[in-house]
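What follows is a single structure, written as structure tokens, with notes after it.
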Protein chains: 2
Amino acid sequence: MHSLVEENYLKALFALSKDKGSVSVNDLSKHLNIKMPTVTNMMKKMAFKKLVHYESYKPLILTKKGKKEAALIIRKHRLTEMYLVEKMGFGWEEVHNIAEQIEHIKSPKLFAKMAELLDYPKFDPHGTPIPDINGEMEWKAYSKLSECKPGDMVKMAAVINTTDEFLKFLNRREIHLGLKIKIKSVEPFDNTMVVKYKNHLEETLSNTVCKRLLVERF
Amino acid sequence: MHSLVEENYLKALFALSKDKGSVSVNDLSKHLNIKMPTVTNMMKKMAFKKLVHYESYKPLILTKKGKKEAALIIRKHRLTEMYLVEKMGFGWEEVHNIAEQIEHIKSPKLFAKMAELLDYPKFDPHGTPIPDINGEMEWKAYSKLSECKPGDMVKMAAVINTTDEFLKFLNRREIHLGLKIKIKSVEPFDNTMVVKYKNHLEETLSNTVCKRLLVERF
DNA sequence: GTATTAAGTTAGTCTTAACTAACAAATTAG
DNA sequence: CTAATTTGTTAGTTAAGACTAACTTAATAC
Ligand SMILES: [Mn+2]
Ligand SMILES: [Mn+2]
Ligand SMILES: [Mn+2]
Ligand SMILES: [Mn+2]
């Protein structure tokens with residue numbers, strides 16, 4: 001079994017290698033707020049454990065094993081977030097820090113029970129997919145709200161870059177997953193959008209916000 | 001804030017000093033499965049933090065602060081056990097190890113929510129009292145089943161020395177908290193009891209078992 | 001294509017929390 | 001009351017995971 005520290009390195013490697021498939025020591029160091037020499041050392045240790053492919057001066061690549069174990073920790077994180085929101089009544093802005101701790105609990109039974117009580121959820125409270133018990137996960141083909149055109153009718157599907165502040169911002173505007181939104185207009189200068197939803201007849205959203213909202217067209 | 005390790009020393013000190021009010025380094029060492037020199041060192045560190053009164057060669061005594069912090073960890077442990085049983089459907093024999101981990105989660109909100117959802121429970125699934133938010137707790141004046149006499153009618157109130165094996169033993173005999181038990185006879189030689197409850201018309205319980213069951217007379 | 005800058009590694013140090021070996025104090029036995 | 005045993009302490013070591021300082025390799029700039 002891995003230490004809590006190793007689990008956090010795994011998660012960071014997994015998150016950062018989303019696009020390129022590999023991560024630099026520097027990026028990992030910045031993401032974890034841990035100095036580069038410490039990261040190098042840990043990578044050697046994790047290479048020995050077959051969690052990561054490591055060669056001096058080369059980018060870091062998770063092994064198949066490393067990828068699966070990372071996904072299983074993320075599964076525990078997201079199941080926990082969903083459980084806290086659905087079964088305990090927490091807001092979607094309150095659950096990340098608690099899940100960050102509970103994801104390290106060693107108890108297959110606990111997470112199996114959460115999954116069962118939630119009826120095997122596919123998404124967490126932020127619309128992010130929950131990896132299955134084998135560590136498999138797939139994103140649906142969502143669009144960013146920022147890429148939509150005036151007249152489009154869309155449904156809120158997921159939030160990316162989910163900080164407390166951003167989620168509270170969305171709360172204040174009553175924007176939540178599943179919400180149907182109509183795009184009224186787009187300011188060509190700065191791509192600010194004017195949208196309409198529920199009883200909000202004219203809400204203005206900056207491009208910064210719109211780039212963080214994933215939607216389904218329909 | 002204290003480390004997970006310090007929290008476990010606090011709990012052990014609290015548990016072991018139940019009767020005498022103090023603990024020997026030796027007892028603590030055995031209880032935690034940690035060698036005596038390590039314990040001595042940690043006691044000096046915790047004395048510096050005002051969690052324990054430490055003087056060379058003298059018994060260890062928790063400070064008021066130490067006692068309160070220990071009780072608050074135990075509160076988290078027992079709230080968790082109760083939550084797992086009442087809200088998630090775990091058996092009373094399954095929850096201790098999970099609670100042993102969750103008790104270290106740093107999130108006042110999580111435990112406040114558990115308490116709220118459980119309607120501020122006073123006892124855990126084993127009948128043990130849950131300390132309140134100020135670390136205050138009191139045991140009711142229960143008797144051991146082993147101290148009861150033939151003819152007595154009692155109600156199961158709590159289990160002491162709650163190992164998985166013992167709790168599974170009770171499960172097999174359908175013995176649970178709140179159960180009404182009538183003492184039919186006591187074998188004078190070894191204090192074995194013959195008892196009757198629900199549809200169990202004649203169940204024989206060894207003295208070892210009876211000493212671990214706390215009951216209320218009525 | 002060399003010089004500068006950025007990224008990565010090596011070597012050595014620190015802290016926490018464990019250990020063993022050796023010694024000292026306290027307790028218990030005779 | 002002394003001797004043996006148990007309990008507790010001191011000193012020194014170890015492993016994990018962090019750090020800084022110094023050096024090396026790779027990338028970028030001119
Ligand atoms: Mn999260
Ligand atoms: Mn999430
Ligand atoms: Mn317990
Ligand atoms: Mn309990």
Side-chain angles (χ1 to χ4, degrees), chain A residues 1-17 19-62 66 69-70 73 100-101 103-104 106, chain B residues 1-17 19-62 66 69-70 73 100-101 103-104 106:
Chain A
M1 205 41 57
H2 311 296
S3 70
L4 181 147
V5 170
E6 287 171 322
E7 291 192 348
N8 284 335
Y9 276 90
L10 277 176
K11 275 210 311 170
L13 282 160
F14 190 90
L16 294 173
S17 54
D19 10 84
K20 298 170 225 171
S22 68
V23 195
S24 70
V25 171
N26 199 243
D27 288 350
L28 189 52
S29 163
K30 279 172 185 152
H31 185 85
L32 289 171
N33 241 306
I34 285 173
K35 297 288 178 289
M36 285 205 294
T38 308
V39 171
T40 299
N41 273 343
M42 186 56 83
M43 287 308 100
K44 288 176 177 172
K45 186 171 131 195
M46 288 175 68
F48 182 77
K49 288 190 169 194
K50 305 288 182 213
L51 294 169
V52 69
H53 297 293
Y54 173 77
E55 285 180 273
S56 296
Y57 300 104
K58 295 263 176 72
L60 306 165
I61 302 172
L62 278 174
E69 308 217 346
I73 298 160
E100 209 68 81
Q101 298 176 66
E103 70 192 8
H104 302 292
K106 262 75 180 172
Chain B
M1 204 44 54
H2 313 297
S3 71
L4 181 147
V5 170
E6 288 171 322
E7 292 192 347
N8 284 335
Y9 276 91
L10 278 176
K11 275 209 312 170
L13 282 161
F14 190 91
L16 293 174
S17 54
D19 9 84
K20 297 168 224 170
S22 68
V23 195
S24 70
V25 171
N26 198 242
D27 288 349
L28 190 52
S29 164
K30 279 172 185 152
H31 185 84
L32 290 169
N33 240 308
I34 286 174
K35 296 290 179 289
M36 286 204 293
T38 307
V39 171
T40 298
N41 273 344
M42 185 57 81
M43 288 308 99
K44 287 176 178 172
K45 186 171 132 196
M46 290 174 67
F48 182 76
K49 289 190 169 193
K50 306 288 182 210
L51 295 169
V52 69
H53 297 292
Y54 172 79
E55 285 180 272
S56 295
Y57 300 104
K58 295 260 178 73
L60 307 165
I61 301 171
L62 279 173
E69 308 216 346
I73 298 160
E100 208 69 83
Q101 298 178 65
E103 70 191 9
H104 302 292
K106 263 72 181 175

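Order of the sequence lines fixes the chain letters, A, B, ..., with proteins taken first and strands second; residue numbering starts at 1 for each chain. Keep in mind that this is a model prediction, so the values were computed, not measured.
Per the geometry, NZ belonging to Lys58(B) stands 13 Å off P belonging to dG8(D), to the nearest Å. Rounded to whole angstrom, the span from the CE atom of Met36(B) across to the P atom of dC23(C) amounts to 16 Å. Nucleotide dT16(C) holds its C1' atom 11 Å from the NZ atom of Lys49(B), rounded to whole Å. Between Glu55(A) atom CD and dT25(D) atom C1' the separation is 15 Å, expressed in whole Å. For Asn41(A) and dA18(D), the CG to P distance is 10 Å, given to the nearest whole Å. Rounded to whole angstrom, the span from the CE atom of Met42(B) across to the P atom of dC19(C) amounts to 11 Å. Remark: C1' of dA16(D) and CZ of Phe48(A) are 15 Å apart, rounded to the nearest angstrom. When rounded to the nearest whole Å, the span between CD of Glu6(A) and C1' of dA16(D) equals 10 Å.
Residues of residues 22-34 of chain A having a heavy atom closer than 4.0 Å to DNA chain D, listed by number: Asn33(A), Ile34(A).
Residues Ser56(B) and Lys35(A) each lie close to DNA chain D; by heavy-atom proximity, the contact nearer the 5' end of the strand is made by Ser56(B).
Remark: Lys44(B) is in phosphate contact with dT10(D), judged by side-chain N or O atoms under 4.0 Å from OP1 or OP2. At dT6(D), none of the side-chain N or O atoms of Tyr57(B) fall inside 4.0 Å of OP1 or OP2 (strictly under the cut-off). Put simply, Thr40(A) has a side-chain N or O that comes within less than 4.0 Å of OP1 or OP2 on dT9(C). Contact annotation: Tyr9(B) side-chain N/O to dT16(C) OP1/OP2 distance is not under 4.0 Å. OP1 or OP2 of dC19(C) sits under 4.0 Å from a side-chain N or O of Thr38(B).
Checked by atom type and distance alone, the side chain of Ser29(A) pairs as donor or acceptor with a backbone atom of Ile34(A) at under 3.5 Å.
The side-chain heavy atoms of Lys30(A) and Val39(A), taken from C-beta on, include no pair separated by under 4.5 Å. A 4.5 Å side-chain heavy-atom check between Leu13(B) and Met46(B) finds at least one atom pair inside the cut-off.
Residues passing the side-chain hydrogen bond (donor to acceptor under 3.5 Å, both in side chains) test with Lys35(B): none are found, sequence neighbours excluded. Remark: Lys50(A) engages no residue in a salt bridge (Lys or Arg N to Asp or Glu O under 4.0 Å) (not counting sequence neighbours).
Heavy atoms of other residues, nucleotides or ligands lying less than 6.0 angstrom from NZ of Lys106(A) number more than 12. Annotation: Lys49(A), atom NZ; neighbour count of heavy atoms from other residues, nucleotides and ligands within 6.0 Å is above 12.
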